Asker: 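This is the structure I want to talk about, given as structure tokens.
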2 protein chains.
Amino acid sequence: MLDNDTQSRLLQQYPMLRELPAAERESLHASASTMHVPAGTVVFDENQPCQGFPLLLSGSIRVIKAAPNGRELQLYRVLPGESCILTSSCLLGHTRYQARGVSEEALEMVLLPATSFHTLFGKHEAFRNYVFLLFSDRLTDLMQLVSAVAFQKLDQRLARLIVSKSNPLHTTHQALADELGSAREIVSRLLKGFAEQGWVKLGREQIEVTDTASLRKFAEL
Amino acid sequence: MLDNDTQSRLLQQYPMLRELPAAERESLHASASTMHVPAGTVVFDENQPCQGFPLLLSGSIRVIKAAPNGRELQLYRVLPGESCILTSSCLLGHTRYQARGVSEEALEMVLLPATSFHTLFGKHEAFRNYVFLLFSDRLTDLMQLVSAVAFQKLDQRLARLIVSKSNPLHTTHQALADELGSAREIVSRLLKGFAEQGWVKLGREQIEVTDTASLRKFAEL
DNA sequence: CGGTGTCTGTGATGAAGATCACAGAGAGTA
DNA sequence: TACTCTCTGTGATCTTCATCACAGACACCG
């Protein structure tokens, strides 16, 4: 059961829920539950069956593939207002998770039981369309990712990653490496190169982009 | 308008169409058209808008990402009974193709106009579920592919590819390289290695697996 | 202040694959 | 048979990236 505050925040993050008839929304509120998860928690993991459909209110989830040797690669990131498409895939395809989800910051989310998800999905076009749009976006992302990993050099991928974030960037080289599926040293060296070009200024846990134009050009964006 | 023979073959390949009410099936048959495409044709290409929803009766389509330098990587293959999920994604997300589709053998297919697709999708659960299952399967495939490309060595990927095909394998090294997103020479050398292990026998446009067990084991299957 | 842990810089070394450049082998065709 | 294609084998070389091994830098905390 969701309290009033949560209900209104849910509607704010997921406007498509407004299109549901009031009765349906009521029963959604009744069957759902809220969850709080600290940062760095494994929310779901490879080969796990899927519990329910999460609606993120705050925080973010990194969806990653982990390699046996400890390296990892980020597939995509789930933000509030989105939902984990992997979960939809599990629920609809009756399969198991094929990747790992880790909370990046503390999460606040509403968990919709599988049955409610199926009901909503079967009955309401708005909900279906929402899920489908997410699906289709993720598919696009993944195809981009595949071709980036297969054909692009790491320096370009790194440049792209950096310009895609908000400017003074607070993160570690290791985190960037994990996002790219590479090793920390490589990222350090490449960043040094960028700095020598005058494109960025480096500091501890900080990267400041000083020449966005050149960096974008290099990233072929 | 589809003729009777085509209609029955369509139902054979796409059993879920049987679950549609007869009237709906009629109008589908009326609005759809058949298409024949020779082998090696680009059926759709990156950044193209999407025309309609193809239902494959025979032949197969390779869906690939092409790199600027001429190399390519196969994302997946569309077989009769399946449908191109990229197309669904385009139609539902109102985006453009993010990859290229090339007919492998001559294609025979039924093309459903976009409007019919949307009608079917909106009205009929059987059709929706079908599309969704495909979506979910592709997503799984793509995630596997990403992690293979990012973390696996080429020899393992090649081994896996070979054991996944029917045994005496008629294909060129170049074709295998294209499927893996690599270069022909590398594939040749790796195959030579497999042959030296006694796992395969090589001939012109032919690879015969002589020790499936070892090859599978090597591929970690 | 010193101690501890995390983050970063950097050299050395190695492995996997890409690229280039041909040579030779099969197979089809005039 | 000779000619021509395509397919395959193979060496040499180069780039990129991974890995290992530390050292220094910074930040926090007792």
Side-chain angles (χ1 to χ4, degrees), chain A residues 39-40 65-73 146-162 168-197 200-208 218-220, chain B residues 39-40 65-73 146-162 168-197 200-208 218-220:
Chain A
K65 272 277 185 186
N69 64 351
R71 264 165 59 206
E72 56 180 66
L73 167 63
V146 170
S147 91
V149 171
F151 299 130
Q152 276 202 289
K153 289 203 300 173
L154 210 59
D155 49 6
Q156 280 199 343
R157 292 214 289 138
L158 178 60
R160 181 164 216 152
L161 179 60
I162 289 173
L169 216 134
H170 293 277
T171 180
T172 69
H173 298 180
Q174 182 63 59
L176 293 173
D178 284 345
E179 195 151 342
L180 294 170
S182 176
R184 194 221 83 215
E185 296 92 316
I186 315 292
V187 170
S188 288
R189 277 193 256 266
L190 293 176
L191 284 174
K192 189 192 169 195
F194 292 172
E196 278 164 3
Q197 297 289 321
V200 299
K201 273 214 170 72
L202 302 178
R204 186 187 172 86
E205 300 204 341
Q206 162 144 348
I207 301 168
E208 187 194 350
F218 179 76
E220 285 180 9
Chain B
K65 272 279 187 187
N69 65 351
R71 263 164 60 206
E72 56 181 63
L73 168 63
V146 170
S147 92
V149 171
F151 299 129
Q152 276 201 290
K153 289 204 300 172
L154 209 58
D155 49 6
Q156 280 200 345
R157 293 215 289 138
L158 177 60
R160 180 167 217 150
L161 179 60
I162 289 174
L169 215 136
H170 294 277
T171 180
T172 68
H173 297 181
Q174 182 64 59
L176 292 173
D178 286 345
E179 196 151 340
L180 294 170
S182 176
R184 194 222 82 214
E185 295 93 318
I186 314 293
V187 171
S188 288
R189 278 193 255 265
L190 293 176
L191 284 174
K192 189 192 169 195
F194 292 173
E196 278 164 4
Q197 297 289 322
V200 299
K201 273 213 170 71
L202 302 177
R204 187 187 171 85
E205 299 203 342
Q206 163 144 347
I207 300 168
E208 187 194 350
F218 178 77
E220 285 179 9

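Just so it is clear, the structure is predicted and the values come from calculations on it, not from any experiment. So that the names make sense, note that chain A is the first sequence line, chain B the second, and so on, each numbered from 1.
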Asker: Taking CG from B:Leu158 and C1' from C:dA16, how many angstroms apart are they, rounded to a whole number?
Answerer: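 Distance check: B:Leu158 CG to C:dA16 C1' gives 14 Å.
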Asker: How many Å lie between CD on B:Gln152 and P on D:dA18, as a whole number?
Answerer: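 Rounding to the nearest Å, CD of B:Gln152 and P of D:dA18 are 16 Å apart.
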Asker: So which nucleotide from D:dT8, C:dA18, C:dT8 ends up closest to the side chain of B:Arg71?
Answerer: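 The listed nucleotide nearest to B:Arg71's side chain is C:dA18.
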Asker: To the nearest angstrom, how far is A:Leu190 atom CG from D:dT16 atom P?
Answerer: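 Computing the A:Leu190:CG to D:dT16:P distance gives 10 Å.
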Asker: Can you tell me how far P of D:dT19 sits from CZ of B:Phe151, to the nearest Å?
Answerer: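 That distance rounds to 10 Å.
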Asker: Run the side-chain contact (heavy atoms from CB on, under 4.5 Å) check on A:Glu208 and A:Leu169 step by step: do they pass?
Answerer: CA-CA 6 Å; A:Glu208 187 194 350; A:Leu169 216 134; over 6 Å; no
Asker: Taking it one step at a time, do B:Gln206 and B:Lys201 satisfy side-chain contact (heavy atoms from CB on, under 4.5 Å)?
Answerer: CA-CA 8 Å; B:Gln206 163 144 347; B:Lys201 273 213 170 71; over 6 Å; no
Asker: Name the closest nucleotide to the A:Arg184 side chain, picking from C:dG17, C:dT8, D:dA18.
Answerer: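 Output: C:dT8.
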Asker: Would you confirm whether B:Arg157, through its side chain, and B:Leu180, through its main-chain N or O, come within 3.5 Å as a donor-acceptor pair?
Answerer: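 Pair found, side chain donor or acceptor close to backbone of B:Leu180.
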Asker: CG of B:Leu191 versus C1' of D:dG9: gap in Å, rounded?
Answerer: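 In whole Å, D:dG9 C1' and B:Leu191 CG are 12 Å from each other.
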Asker: Checking all strands, does A:Leu154 fall into the base, sugar-phosphate, or nothing category for heavy-atom contacts under 4.0 angstrom?
Answerer: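 Here A:Leu154 touches the backbone only, sparing every base.
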Asker: What are the two closest heavy atoms between B:Asp155 and B:Phe194, and how far apart are they?
Answerer: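 Taking B:Asp155 first and B:Phe194 second, the nearest heavy atoms are O-CZ, 3.5 Å.
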Asker: Write down the distance between CD1 (A:Ile186) and C1' (C:dG11), rounded to a whole number of angstrom.
Answerer: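 The answer, rounded to whole Å, is 13 Å.
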Asker: Rounded to the nearest Å, what distance is computed from the CZ atom of residue B:Arg204 to the C1' atom of nucleotide C:dG24?
Answerer: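 The answer, rounded to whole Å, is 11 Å.
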Asker: Among D:dT19, C:dG17, C:dT8, which nucleotide has an atom closest to any side-chain atom of A:His173?
Answerer: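 Selected nucleotide: C:dT8.
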Asker: Donor-acceptor pair, B:Arg184 side chain versus B:His173 backbone, under 3.5 Å?
Answerer: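 Absent.
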Asker: Given D:dT16, D:dT8, C:dT19, identify the nucleotide with an atom nearest to the side chain of B:Thr172.
Answerer: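 Ranking D:dT16, D:dT8, C:dT19 by closest atom to the B:Thr172 side chain puts D:dT8 first.
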Asker: Any side-chain N or O of A:Ser188 under 4.0 Å from OP1/OP2 of C:dT10?
Answerer: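 No, because none of the side-chain N or O atoms of A:Ser188 sits under 4.0 Å from OP1 or OP2 of C:dT10.
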Asker: Within the pair B:Lys192 and D:dG9, is there a side-chain N or O less than 4.0 Å away from OP1 or OP2?
Answerer: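 So the side-chain polar atoms of B:Lys192 never come under 4.0 Å of the phosphate oxygens OP1 or OP2 of D:dG9.
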Asker: Students often get this wrong, so: under 4.0 angstrom with heavy atoms, is B:Asn69 touching a base, only sugar-phosphate, or nothing?
Answerer: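 If one applies the 4.0 Å heavy-atom cut-off, B:Asn69 turns out to touch the sugar-phosphate alone, with no base involved.
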Asker: CD of B:Glu205 versus P of C:dG26: gap in Å, rounded?
Answerer: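 From B:Glu205 CD to C:dG26 P: 14 Å.
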Asker: With sugar-phosphate meaning primed atoms plus P, OP1 and OP2, does A:Arg189 contact a base, only sugar-phosphate, or nothing at under 4.0 Å between heavy atoms?
Answerer: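 The answer is base, as A:Arg189 lies within the cut-off (heavy atoms under 4.0 Å) of a base atom.
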Asker: Ignoring the backbone of A:Glu185, work out which of C:dT8, C:dT19, D:dT19 is nearest its side chain.
Answerer: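 Of the candidates, D:dT19 comes closest.
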